[in-house]
K.L.:
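Have a look at this one.
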2 protein chains.
Amino acid sequence: MSGAVLPTIREVARLAGVSVATVSKALNDSGKVSEALRERVDTAARTLGYAPHASARSLRSGATRILGLLVADITNPFFLKLVEHIEQLASAAGYSVILCNSSEDAEREERHLGMLLSQRVDGILLIPVRDSWRGRIGALARLPQPLVLVDRMLDGLEADSVTIDNRMAGYLAGEHLLRLGHRHVAIVMGSPEHPIARHRLDGFREALATGGIALDEQLIARNCFNEEAAYRAVLALLDRAERPTAILATNNHLTLGLLRAVTDRALAMPDALSVIAVDDLPFSAIMRPGLTVVMQPSAAIAEAAISGLLDRIGGRAPEGSARAVVLEPRLAVRGSTAAPPRRA
Amino acid sequence: MSGAVLPTIREVARLAGVSVATVSKALNDSGKVSEALRERVDTAARTLGYAPHASARSLRSGATRILGLLVADITNPFFLKLVEHIEQLASAAGYSVILCNSSEDAEREERHLGMLLSQRVDGILLIPVRDSWRGRIGALARLPQPLVLVDRMLDGLEADSVTIDNRMAGYLAGEHLLRLGHRHVAIVMGSPEHPIARHRLDGFREALATGGIALDEQLIARNCFNEEAAYRAVLALLDRAERPTAILATNNHLTLGLLRAVTDRALAMPDALSVIAVDDLPFSAIMRPGLTVVMQPSAAIAEAAISGLLDRIGGRAPEGSARAVVLEPRLAVRGSTAAPPRRA
DNA sequence: TAGTCTTAAAAAAACGTTTAACTACCAAAT
DNA sequence: ATTTGGTAGTTAAACGTTTTTTTAAGACTA
């Protein structure tokens with residue numbers, strides 16, 4: 001079954017009747033090789049089923065043609081979309097991808113990074129675990145290979161990054177609700193310490209302010225770190241004497257908790273309550289009613305990340321300065337939002 | 001930014017004042033090394049930030065500690081769950097995973113496999129593209145590294161495999177509907193040529209037969225290869241004079257089409273129509289009503305696949321004979337199925 | 001004709017490890 | 001006192017490539 005052993009370049013050389021150097025040049029189109037020999041080498045390689053030994057090649061040449069993809073949490077559908085696109089783009093560019101999932105665990109993230117380092121991957125795409133690398137940023141800065149941060153920045157680190165305008169994401173959500181006539185809106189979010197959540201909150205508040213609405217502090221559910229916390233927070237919001245007419249969830253996981261609470265309270269969307277979320281979900285479009293969301297452009301993010309990384313690897317980017325790409329989110333209006341009910 | 005160059009074992013040796021061989025032995029716990037020296041070597045390695053060069057190591061030792069994971073279609077939530085589990089288990093066992101997505105394209109699958117071969121991965125987990133390798137099974141059989149087929153078998157290939165009992169999957173669905181009292185049921189499926197679909201159909205039919213019900217040939221929508229085809233096929237089924245009271249979708253993608261058709265025709269689940277599917281979807285439990293499904297035990301599949309592969313890699317499996325693990329699916333009853341309406 | 005240039009191919013060095021073979025040393029056994 | 005044996009370490013070979021250097025030979029110049 002797994003007994004066969006692969007031929008080496010030496011055996012190809014013997015069969016073709018040339019030296020190993022010539023085989024290498026012929027197969028890699030490097031250096032001068034006569035057409036006749038190239039042909040002989042090619043067929044020799046093919047008949048033996050020769051597959052160059054990547055380890056040997058990269059040991060000598062210094063490049064592995066492997067990228068490391070370190071994802072904070074692969075169960076997050078948005079990150080998953082990124083993984084999908086990135087694998088596809090990398091593969092098209094002739095690179096393989098080692099996939100690492102940190103499960104939002106800083107320790108696992110660090111172990112994985114060490115492995116990627118040992119593996120001498122040509123470049124690393126990092127969606128960092130929240131609050132990881134606090135105080136150990138140096139380790140990242142000193143990385144011998146190019147690094148691109150994706151979706152999440154790391155303050156104190158001068159590195160290339162591709163993110164979205166999170167203030168705008170919040171703003172789009174706020175503006176949409178405002179235009180529909182909502183004046184009594186709530187938000188479910190993570191930690192306000194966390195820049196992404198904070199920016200989304202800021203943008204949301206700012207949009208409401210343009211309509212003269214002040215976001216009620218009582219209706220800001222902070223520090224929801226998972227679906228369960230969001231679920232409970234939303235239940236509390238819905239059980240208030242004066243129930244909000246619309247709720248924004250600032251990420252994927254919180255949205256699930258929000259939806260669960262809404263169905264538990266048997267509130268009809270969008271008639272009794274408008275629901276809007278940041279991040280698309282794989283089923284947002286299938287749900288009835290469809291979920292109105294602010295979408296992050298995952299394809300564009302993946303594209304910017306990969307092309308930025310490949311530029312660095314190829315030495316095509318100005319050494320020294322970090323390049324920060326910021327992309328714009330966009331609003332997808334579906335059925336879960338509408339004008340507020342007549343009487344609150 | 002990316003200027004640093006990593007230290008080699010030679011520099012660690014110099015700093016610790018020993019030979020490179022000793023460093024290697026000390027760091028790998030192989031051979032005899034005094035406690036004092038091991039300590040010296042350890043600190044030397046740490047202060048230099050030494051990370052062993054994986055290519056060099058595997059060139060010499062013959063093992064890469066990398067597994068190849070070749071997935072037919074990563075957008076399939078079931079396969080995705082497998083990827084998730086497999087990455088986690090592999091990582092826990094000290095292996096890295098190169099993720100390759102074939103997008104149900106045989107050509108891409110073959111290119112990826114060639115790359116994994118060059119990469120000399122220690123083992124390969126393969127969820128093959130449908131109908132790929134037809135007539136070229138030999139290439140797979142001659143692979144120098146262990147291979148485990150996951151979820152889909154490849155006929156003509158004597159290889160380890162981990163699958164589920166697809167007949168049973170169909171049977172469970174049929175039995176459930178039968179018990180609820182349905183007599184007029186439909187099924188949406190892919191090609192009957194394809195063993196998985198065929199077995200699910202067989203099991204379904206068999207279950208119905210135990211209740212004396214013959215599956216109406218008119219109500220078998222064959223050759224639905226994607227969501228769109230399923231959507232149209234279901235619309236046709238629903239528009240029949242005598243509408244079925246329950247429908248089974250035999251996989252993930254078809255389920256989406258089925259659900260779309262049902263909402264388009266504004267049929268209430270489960271009152272007007274019972275819906276059941278093979279394969280869980282990430283939102284089946286969140287949907288209202290929740291979707292009744294036959295679930296494949298993804299964690300168990302991943303576990304069997306990885307441990308089988310590692311056994312082969314470690315030479316702990318009897319050479320020669322292929323081991324076929326078959327796991328049992330299970331039924332998760334949620335809100336989308338109920339007794340049929342009084343009058344058809 | 002002798003010398004120089006060009007070119008295709010071969011030879012050899014190098015990449016960073018692991019490991020087999022070897023050495024030096026000391027303790028125990030004869 | 002000599003052997004035997006084991007232990008802790010070193011030396012050197014090997015893994016399969018790529019790349020630099022060297023060789024050989026033919027074509028051109030003086």
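A note on names: the letters A, B, ... follow the listed sequences, proteins ahead of strands, and every chain is numbered from 1. Keep in mind that this is a model prediction, so the values were computed, not measured.
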K.L.:
Taking only the side-chain heavy atoms of B/Arg57 (C-beta and beyond), determine which of C/dA10, D/dT10, C/dT17 contains the nearest atom.
P.N.:
C/dT17
K.L.:
To the side chain of A/Ala21, which of C/dA12, C/dG16, D/dG16 is closest?
P.N.:
C/dA12
K.L.:
Walk me through whether B/Ile124 and B/Leu69 qualify under side-chain contact (heavy atoms from CB on, under 4.5 Å).
P.N.:
CA-CA 6 Å; B/Ile124 296 179; B/Leu69 176 50; over 6 Å; no
K.L.:
Are any of B/Ser19's side-chain N or O atoms less than 4.0 Å away from OP1 or OP2 of D/dT10?
P.N.:
yes
K.L.:
Whole angstrom is fine here: how far is it from CD in A/Glu35 over to P in C/dT7?
P.N.:
17 Å
K.L.:
Looking at side-chain heavy atoms only, is the closest gap between A/Val325 and A/Ser161 below 4.5 Å?
P.N.:
no
K.L.:
For A/Gln145, which of A/Val121, A/Thr64, A/Asp122 qualifies under side-chain contact (heavy atoms from CB on, under 4.5 Å)?
P.N.:
A/Val121
K.L.:
One character per nucleotide, please: for nucleotides 21-28 of chain D, 5' to 3', B when the base has a protein heavy atom closer than 4.0 Å, S when only the sugar-phosphate does, - otherwise.
P.N.:
--------
K.L.:
Among C/dT18, D/dT17, D/dG9, which is the nearest nucleotide to the side chain of B/Ser24?
P.N.:
C/dT18
K.L.:
Between the two end axes of the helix from C/dT1-D/dA30 to C/dT30-D/dA1, each built from 5 base pairs, what angle do you get to the nearest 10°?
P.N.:
60°
K.L.:
Is any side-chain heavy atom of B/Asp73 less than 4.5 Å from a side-chain heavy atom of B/Asn76?
P.N.:
yes
K.L.:
Using atom CZ of A/Arg10 as one end and atom P of D/dC15 as the other, report the distance to the nearest whole Å.
P.N.:
8 Å
K.L.:
Looking only at side-chain atoms of B/Val18, point me to the closest of C/dG16, D/dT10, C/dA12.
P.N.:
D/dT10
K.L.:
In whole Å, what is the span from the CG atom of B/Asn28 to the C1' atom of C/dT17?
P.N.:
9 Å
K.L.:
Within the structure provided, determine whether A/Leu126 and A/Val148 are in side-chain contact (heavy-atom separation under 4.5 Å).
P.N.:
no
K.L.:
How close or far is atom C1' of D/dG6 from atom NZ of B/Lys32, stated in whole angstroms?
P.N.:
10 Å
K.L.:
Send over the distance from B/Tyr50 OH to C/dG16 P, rounded to a whole Å.
P.N.:
10 Å
K.L.:
For A/Leu125 and A/Ile86, what are the C-alpha separation, side-chain angles and deciding distance, and is it a side-chain contact (heavy atoms from CB on, under 4.5 Å)?
P.N.:
CA-CA 9 Å; A/Leu125 292 172; A/Ile86 286 169; 3.6 Å; yes
K.L.:
Taking atom P of C/dA14 as reference, at what distance in whole Å does atom NE2 of B/His53 sit?
P.N.:
17 Å
K.L.:
Quickly work out the B/Arg38 CZ to D/dA8 C1' distance and round it to whole Å.
P.N.:
12 Å
K.L.:
Can you tell me if the side-chain N/O atoms of B/Thr22 get under 4.0 Å from OP1 or OP2 in D/dG9?
P.N.:
no
K.L.:
Picking from B/Val33, B/Val41, B/Thr22, what satisfies side-chain contact (heavy atoms from CB on, under 4.5 Å) with B/Leu27?
P.N.:
B/Val41
K.L.:
Go through residues 58-68 of chain B and report each residue with a non-hydrogen atom lying under 4.0 Å from DNA chain D, sorted by number.
P.N.:
B/Leu59, B/Arg60
K.L.:
Rounded to the nearest angstrom, tell me the gap between atom CG in B/Leu37 and atom C1' in D/dG9.
P.N.:
8 Å
K.L.:
Where the side chain of A/Ala56 is concerned, which of D/dT17, C/dA8, D/dT11 is the nearest nucleotide?
P.N.:
D/dT17
K.L.:
B/Gln119 and A/Arg65: side-chain donor and acceptor closer than 3.5 Å?
P.N.:
no
